[in-house]
Amino acid sequence: MIVRSRSPLRLGLAGGGTDLSPYCDRYGGCVLNATIDMYAHCTIEMDEAFSYASFIAQDLNLQVDVDLTGAIPLEGDLMLHKAVYNRVVTQFNQGQPLPVKVYTHCDAPPGSGLGSSSTLVVTMISAYQKLLNLPLGEYDIAQLAYDIERIDCQLSGGRQDQYATTFGGFNFMEFYDNNRVLVNPLRIRRSILNELESQLMLYFTGVSRSSAKIIDDQVRTTNSNAEKPLQAMHDVKKLAFEMKERLLHSDISGMSDLFRSSWLAKKATSNSISTPLIEQIEDRAMSAGAKSLKISGAGGGGFMMLFVDPLKRLAVESALADLEGSIHPFKFTQEGTQSWKV
């Protein structure tokens, strides 16, 4: 049997960081995000003739083969692949090993700021769901992905990515204690999506980064109750509500203004979010006519989102042309994770 799946990556438009514990547990968090036409892909082949399980990350040129005996230690390469397999076997297959070959690749590199790691976990779960006909809804898939990353693998991070890729589209998400999550889908007119796509530029800095240090800084901020960075987190949350209202009222200019405020508030939550390279990109883009910008994801590198008047887009592209980064065309998508049998 062969199944395939794909799950969309997301842009974090506002509120990123407030989905982290302990902040969302104490104060409640909220995030506005949207999925785009870049994906994490998975193919699973299952055949009783296989004497082992194989995990193949084609974009990373990595392969791990394991014997079909007991749980796989979560160490070394492709830990997420192993962790998803372990969960599926123990939680949904009565502990019986699965003779599978799991192939994955992602349209964006790890550390992109587009939620690629969580998206990869969700798309593997989605493939297993189709393979074994598992009774999992959207909230179940997203929570399972969160548990695999944060509990099983002990990886630092928030909650928005798993829910964004599972549900797809534009969503306003609320996060509370005890893993309570509310996903509020937003219906946006096609004309507004067209205008957003014409004004938003997606720029890869050329630097992939680990979000762990930035996330750990934000966790320490919440635990220490340091007034200035904690207030910055409150500002990030408030701006997410305002960004949602601007979007629902088709106020693209207002969204651009809030991008600027949101970026300043985000930088105030951790000294690791901006870098000399990011500041250089910001100076170049703004001097060439960009209206505002911010990082998608934790910061430190990955992808940046720029609001640019379409009439000045070529000027901004020219200003960034000699840097090591690159512009990535994109469109918004309405579908979340999808899986199918071949």
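Values reported hereafter were calculated over all heavy atoms of this structure, with side chains retained and with hydrogens, waters and symmetry mates removed.
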For this session: Mark yes when over 12 heavy atoms from residues, nucleotides or ligands other than K267 sit less than 6.0 Å from its NZ; otherwise mark no.
Result: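 Yes, NZ of K267 has more than 12 neighbouring heavy atoms, counting only those of other groups under 6.0 Å.
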
For this session: Might you confirm whether atom CG of N61 has over 12 heavy atoms from other residues, nucleotides or ligands at distances under 6.0 Å?
Result: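 No - once you tally the heavy atoms of other residues, nucleotides and ligands closer than 6.0 Å, there are 12 at most.
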
Exercise. When the ring planes of H105 and H41 are compared, do they come out parallel, tilted or perpendicular, using 30° and 60° as the limits?
Worked result: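 H105 vs H41 ring planes: parallel.
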
Problem set entry | Aromatic ring pairing Y23/H234, orientation class (parallel under 30°, perpendicular over 60°, tilted between) |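 Ring orientation, 0 to 90° scale: tilted.
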
Between the main-chain N or O of [Y] and the side-chain N or O of [X], is there a donor-acceptor pair closer than 3.5 Å?
X    : Y    : answer
D257 : M255 : no
D37  : K331 : yes
T18  : G15  : yes
K237 : Y27  : yes
Q63  : S54  : no
N86  : I72  : yes
Y128 : L134 : no
K294 : A14  : no
T165 : L9   : no
R260 : S292 : no

Kindly indicate whether the side chain of [X], heavy atoms from C-beta on, has any atom under 4.5 Å from the side chain of [Y].
X    : Y    : result
Y203 : V308 : no
E242 : E245 : no
L155 : M79  : yes
I148 : I125 : yes
E317 : L314 : yes
Q91  : L144 : yes
L114 : L11  : yes
M124 : Y85  : no

I need the minimum non-hydrogen distance between [X] and [Y], along with the two atoms involved.
X    : Y    : value
R150 : S156 : NH1-O, 3.4 Å
V31  : Q160 : CG1-OE1, 3.1 Å
R313 : S198 : NH1-O, 3.4 Å
P310 : Q199 : CD-CG, 4.0 Å
I273 : W263 : CG2-CZ3, 3.8 Å
G113 : R10  : O-NH1, 2.9 Å

Salt bridge or not between [X] and [Y]? Use side-chain N to carboxylate O under 4.0 Å.
X    : Y    : result
D107 : R6   : no
R189 : E195 : no
K238 : D235 : no
D309 : K291 : no

State the [atom1]-[atom2] distance between [X] and [Y], to the nearest 0.5 angstrom.
X    : Y    : atom1 : atom2 : answer
M46  : L98  : CE    : CG    : 6.5 Å
Q280 : L320 : CD    : CG    : 9.5 Å
I192 : L247 : CD1   : CG    : 8.0 Å
R4   : L131 : CZ    : CG    : 13.0 Å
D77  : L62  : CG    : CG    : 5.0 Å
C153 : E75  : SG    : CD    : 12.0 Å

Exercise. Without hydrogens or angle criteria, can the side chains of Y163 and Q143 be said to hold a donor-acceptor pair below 3.5 Å?
Worked result: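 Checked: Y163/Q143 side chains pair up, N/O donor to acceptor below 3.5 Å.
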
For this session: Dump the intermediate steps for side-chain contact (heavy atoms from CB on, under 4.5 Å) on H81 and V64, then the final yes or no.
Result: CA-CA 9 Å; H81 295 63; V64 174; over 6 Å; no

Cluster question for you: counting only ILVMFWY and a side-chain heavy-atom cut-off of under 4.5 Å, with indirect links fine, are [X] and [Y] together?
X    : Y    : value
Y103 : L120 : no
W340 : I141 : no
L306 : L264 : no
I2   : V84  : no
Y39  : L202 : no

Problem set entry | Criterion side chain to side chain contact (heavy atoms under 4.5 Å, CB included) against S5, the qualifying member of V122, T123, I44, T43 |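 Only match with S5 under side chain to side chain contact (heavy atoms under 4.5 Å, CB included): T123.
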
For residues 166-179, please give each side-chain donor-acceptor pair under 3.5 Å, one per line with the distance, not counting sequence neighbours.
residue	atom	partner	partner atom	Å
T166	OG1	Q162	O	2.7
N171	ND2	G168	O	2.8
E174	OE1	Y176	OH	2.6
E174	OE2	N184	ND2	3.0
D177	OD1	R180	NH2	3.2
N179	OD1	R159	NH2	3.2

